[in-house]
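The model shown is predicted, which means the values in this text are computed figures rather than measured ones. Below, each value reflects all heavy atoms present in this structure, side chains not excepted, and no hydrogens, waters or symmetry copies.
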Amino acid sequence: MSSNQSDPQTRSARRKSPRQHHYFRRIFTWFLGLFLAAILLGAGIFFYYAQGAPNITQSSLESDTSTKVYDNKNNVISRLGAQNRDYVKSKNIPSTLKSAVVSIEDRRFYKHHGVDPIRIMGAAFANFTGSSLGLQGGSTLTQQLVKLSVFSTAKSDQTLKRKAQEAWLAIKVEQKYSKQQILEFYINKVYMGNGVYGMQTAAHYYYGKSLSHLSLQQLAMLAGMPQSPTDYDPIHHPKYAKYRRDQVLSAMVQNKQITSAQAATAKATSVKSGLAKTHPVSTINLTNQKYIDSYLKQVYSELTADGYNTNTDGLRVYTNLDMSAQKHLYSIANSSNYVAYPSNKFQVGATMVNPNNGKVVAMLGGRKTGNVSFGLNRAVQTDRSSGSTAKPIMDYGPAIEYLKYPTYQPVQDTTYYYPGTTRELNDFDNQHEGTITMRKALVESRNIPAVRTLDAVGISKATKFMSNLGMSFSNKLTLQNGIGVYISTEQEAAAYAAFANGGTYYKPHLLNRVVTADGKSHSYSSNGVKAMSPATAFMITNMLKGVMTSTNGSGTAANISGLYQAGKTGTTAYPDDYASSVPSSAAMDSWFTGYTKNYSLSIWTGYDKQFQTGHYITQEQTKIAQEIYRSEMSYVQQSASNTDWTAPSDVVATKKNGTTEYYVSGYPGDSTTATNGNSSSYSNSTNANDSSNSNEATTNSSSESSSSTESSSVSSEQKPTGGDSGSGSGSDATSASSTETKSSSTTTASSSATKSSQ
């Protein structure tokens with residue numbers, strides 16, 4: 001074949017080549033068009049979001065990022081760290097510190113104009129390869145300053161819109177302020193751990209010196225802390241602090257700010273070198289500290305649960321705290337002007353809520369706690385049994401709601417064994433009153449009729465009723481819980497509040513409104529849910545009035561003359577195998593929970609270490625919870641209305657033995673026959689299967705099994721939220737007007753009695 005002749009296939013390929021080139025050009029053009037469109041779309045979205053960016057002022061750039069907390073009258077009650085901040089001007093900031101901050105936080109700080117595309121791509125690559133030395137994400141130092149000044153750091157606020165506004169404001173800040181001013185703002189604003197804001201304040205806190213007197217390694221330590229001030233605290237976490245300090249020193253070498261030899265010398269120095277032995281307190285306004293410690297701790301807990309950073313978000317937090325009520329409650333618990341306490345170790349936990357909205361207006365987590373900040377909050381602990389305060393919410397409330405019991409329902413106070421066992425349930429006096437009314441059983445806090453009533457209702461329905469009141473338990477409840485459940489004063493105050501307001505449950509909450517640094521407001525409220533019928537709420541309330549006013553009532557020490565109120569006592573007895581170590585009348589815990597139409601107040605009293613020698617509650621001391629209630633409720637009710645409850649339209653009044661009783665319309669019951677169980681021994685119990693799976697209920701909150709020194713006969717009681725305790729068997733303290741006394745517990749090999757007092 002001649003050289004000027006070509007192969008047919010070759011000629012065909014040449015003929016296709018222009019078409020292929022055209023095809024590739026079209027693909028390239030499409031991709032280029034899509035890329036440009038994406039850029040235009042991104043730019044459009046950016047500028048659309050940027051238009052809604054908040055204003056940023058020099059005042060906001062210079063201000064601290066502390067959280068300010070207000071009471072329900074909008075008075076500032078706490079400022080986290082702000083009041084002790086030492087602001088340092090740029091001319092007094094060591095150049096070494098500036099170099100350290102720039103090297104570790106934003107190496108290209110002096111080259112960009114607020115937003116750094118190169119840094120963004122570098123950070124993305126570093127994150128991909130796993131090496132991010134000197135690149136802590138794509139945000140520039142200016143963007144970090146903007147975020148600290150006007151935006152929340154909550155994860156829920158880390159949106160594309162917020163990022164666009166952050167970048168836009170960073171550009172505006174760079175246009176208005178010099179690099180030195182921006183560094184000054186940043187160094188004075190960052191949170192440095194332990195309630196400290198700003199690096200000058202941190203220098204005094206950690207080293208007892210000003211910035212100008214710190215060494216290279218100390219300045220490097222401070223420069224690295226803002227990324228994670230708690231983890232990199234050289235006092236409490238020296239290992240992690242050294243890692244971070246050395247990271248800063250290496251970054252300074254890479255940024256040509258110090259030599260390798262200087263870095264090596266600094267790294268060889270102990271991170272604890274030069275640390276001050278004492279540290280100035282700067283975390284809180286000490287004027288209010290002692291009054292609001294537990295309340296404030298719970299406020300911060302709620303904020304943290306919602307994703308807020310109370311150290312860096314610059315929040316304004318408006319709470320439901322009634323400071324006057326709080327101070328009075330504190331005074332009752334910490335002075336001898338109202339109550340005679342047996343010792344400083346005798347403890348108190350209390351919560352007061354508004355029944356009409358769930359607002360927690362006062363909370364006390366302990367007494368005689370010294371200078372401890374944010375210590376144990378006994379108001380929200382759930383490791384102690386509530387004793388007989390459980391009876392309205394687990395026994396009698398469900399009986400009215402589901403079985404339509406009238407207040408005069410005959411109930412049996414006769415020999416009772418827990419179904420399927422030889423374990424006998426007794427009362428404080430080891431006596432039986434035979435057939436009595438439900439009203440009398442509740443007022444005098446008799447245990448056997450309460451458990452028989454729960455037996456008749458069934459565990460499942462009782463658990464449902466309590467779930468409607470905001471209480472859930474991961475372990476199965478049993479009949480024993482009819483005289484004691486492991487809940488907190490906060491939970492119980494909210495549950496009893498539903499009786500006070502006619503049957504609506506409001507979840508208790510301390511927060512009212514949170515305003516973030518950008519002015520965005522988040523309001524808090526509790527949406528009421530129907531927990532029971534108005535009839536149930538009224539009939540329980542009507543009976544609980546007698547707890548405080550009846551001659552044989554168990555809570556007469558809590559009575560306030562002329563005030564319309566209702567309430568219930570509760571104490572817990574020691575387990576059988578420990579009972580011989582304490583007097584026969586001793587109790588582990590004593591409660592009182594009561595309410596008016598305006599307030600619901602729940603109080604726990606006892607010792608933290610209830611099994612320690614001498615740490616028991618005497619019969620007389622069980623009234624302390626009632627006395628605290630009486631003093632606090634008398635105080636808050638001075639400026640509140642005093643109105644009685646009225647019967648709903650479906651509740652009928654009737655006279656029984658000279659007493660006004662009530663029943664739900666259409667359900668008058670039989671006033672002559674007891675229907676809540678007729679067993680006199682475990683072998684023929686009317687609800688023998690109540691402890692089986694068919695009659696047990698499981699709910700969803702966390703808990704741990706009971707573990708205590710109690711004998712096997714009482715160890716089966718379920719503890720809803722964990723913690724070591726005794727039997728938790730419910731009991732109520734004998735009131736001052738009662739002539740009845742407790743007898744000692746008796747336990748045999750074949751029968752172990754669960755005992756409690758009024």
Side-chain angles (χ1 to χ4, degrees), residues 69 71-72 75 77-78 281 283-301 319-353 360-381 384 488-490 492-493 510 557-558 560 587-594 599-610 612 614-618 620-639 733:
V69 184
D71 64 12
N72 64 356
N75 296 314
I77 58 174
S78 173
V281 177
T283 59
I284 204 165
N285 186 335
L286 294 179
T287 301
N288 292 322
Q289 165 74 21
K290 59 183 181 179
Y291 301 123
I292 64 174
D293 183 76
S294 295
Y295 194 99
L296 200 61
K297 180 182 180 181
Q298 198 64 15
V299 164
Y300 287 146
S301 177
T319 71
N320 298 317
L321 176 69
D322 182 330
M323 186 56 118
S324 178
Q326 180 71 26
K327 285 185 175 180
H328 191 76
L329 183 59
Y330 177 90
S331 181
I332 294 170
N334 288 277
S335 72
S336 57
N337 298 331
Y338 306 90
V339 177
Y341 296 97
S343 73
N344 287 347
K345 292 184 178 180
F346 189 91
Q347 279 300 339
V348 174
T351 304
M352 177 182 283
V353 304
V360 177
V361 297
M363 176 179 285
L364 187 73
R367 60 181 297 270
K368 301 296 183 180
T369 56
N371 295 323
V372 176
S373 295
F374 296 159
L376 178 65
N377 185 358
R378 297 164 185 82
V380 297
Q381 296 301 306
R384 305 296 280 263
S488 69
T489 65
E490 183 183 40
E492 191 155 281
L510 289 76
I560 303 170
M588 290 193 298
D589 312 275
S590 180
W591 293 65
F592 188 84
T593 301
Y599 299 100
S600 178
L601 174 60
S602 181
I603 298 161
W604 165 86
T605 61
Y607 290 92
D608 291 335
K609 298 178 180 179
Q610 70 272 38
Q612 195 172 90
H615 283 198
Y616 59 84
I617 306 173
T618 67
E620 185 66 21
Q621 291 163 4
T622 59
K623 292 186 291 185
I624 290 177
Q626 300 175 50
E627 293 168 353
I628 295 173
Y629 168 88
R630 185 183 65 221
S631 297
E632 179 69 3
M633 190 63 80
S634 296
Y635 179 80
V636 296
Q637 275 291 150
Q638 292 180 85
S639 56

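No side-chain donor-acceptor contact under 3.5 Å links Tyr338 to the backbone of Glu632. Judged by distance alone, the side chain of Asn334 and the main-chain N or O of Tyr330 form a donor-acceptor pair under 3.5 Å. A donor-acceptor pair under 3.5 Å links the side-chain atoms of Ser631 to the main chain of Glu627, judged by distance alone. At least one donor-acceptor pair closer than 3.5 Å links the side chain of Gln347 to the backbone N or O of Arg367. Judged by distance alone, with hydrogens and angles left aside, the side-chain atoms of Ser634 form a donor-acceptor pair with the main-chain N or O of Arg630 at under 3.5 Å. Proximity of a side-chain donor or acceptor of Gln610 to a complementary backbone N or O of His615 within less than 3.5 Å is not detected. Glu492 places no side-chain N or O within 3.5 Å of a backbone atom of Ser602 that could act as its donor or acceptor partner. For Thr489 (side chain) and Ala379 (main-chain N/O), a donor-acceptor pair under 3.5 Å exists by modelled atom type. Checking side-chain atoms of Ser600 against main-chain N and O of Ala493 turns up a donor-acceptor pair under 3.5 Å. Of the possible polar contacts, none joining the Glu490 side chain to the Val380 backbone as a donor-acceptor pair under 3.5 Å is found.
The minimum heavy-atom distance between Ser331 and Ser335, with the atom names listed, is O-OG, 2.7 Å. Pairing each heavy atom of Tyr341 with each of Ile624, the nearest pair is CE2-CG2, 3.8 Å. Leu364 and Leu329 make their closest contact through CB-CD2, 3.8 Å (heavy atoms, listed as atom of the first residue, atom of the second, distance). Taking every heavy atom of both residues into account, Val636 and Met352 meet most closely at CG2-CE, 4.0 Å. Counting all heavy atoms, side chain and backbone alike, Asn377 lies closest to Gly365 at OD1-CA, 3.2 Å.
One distance of note links CZ of Arg384 with OG1 of Thr605; it measures 9.5 Å at 0.5 Å rounding. The line from CG of Leu601 to OH of Tyr629 is 7.0 Å long, rounded to the nearest 0.5 Å. The CE atom of Met633 sits 11.5 Å away from the NE2 atom of His328 when rounded to the nearest 0.5 Å. Once rounded to the nearest 0.5 Å, the distance linking CD of Gln626 with OG of Ser590 reads 6.5 Å.
Contact check for Tyr635 versus Ile332: no side-chain heavy atoms found under the 4.5 Å cut-off. Between Asp608 and Arg378 there is a side-chain heavy-atom pair separated by less than 4.5 Å. In this structure, the side chains of Phe592 and Ile628 stay at 4.5 Å or more apart for every pair of heavy atoms. Put simply, the side chain of Val360 does not reach to within 4.5 Å of the side chain of Asn320, judged on heavy atoms. No side-chain heavy atom of Ile560 sits less than 4.5 Å from a side-chain heavy atom of Gln637. In this structure, the side chains of Asn72 and Leu321 stay at 4.5 Å or more apart for every pair of heavy atoms.
Tested against Asp71, the residues Asp322, Ile77, Ile292, Val361 include a single side chain to side chain contact (heavy atoms under 4.5 Å, CB included) partner, Ile77.
Ring pair Tyr607/Phe346 is perpendicular by interplanar angle, where above 60° counts as perpendicular and below 30° as parallel.
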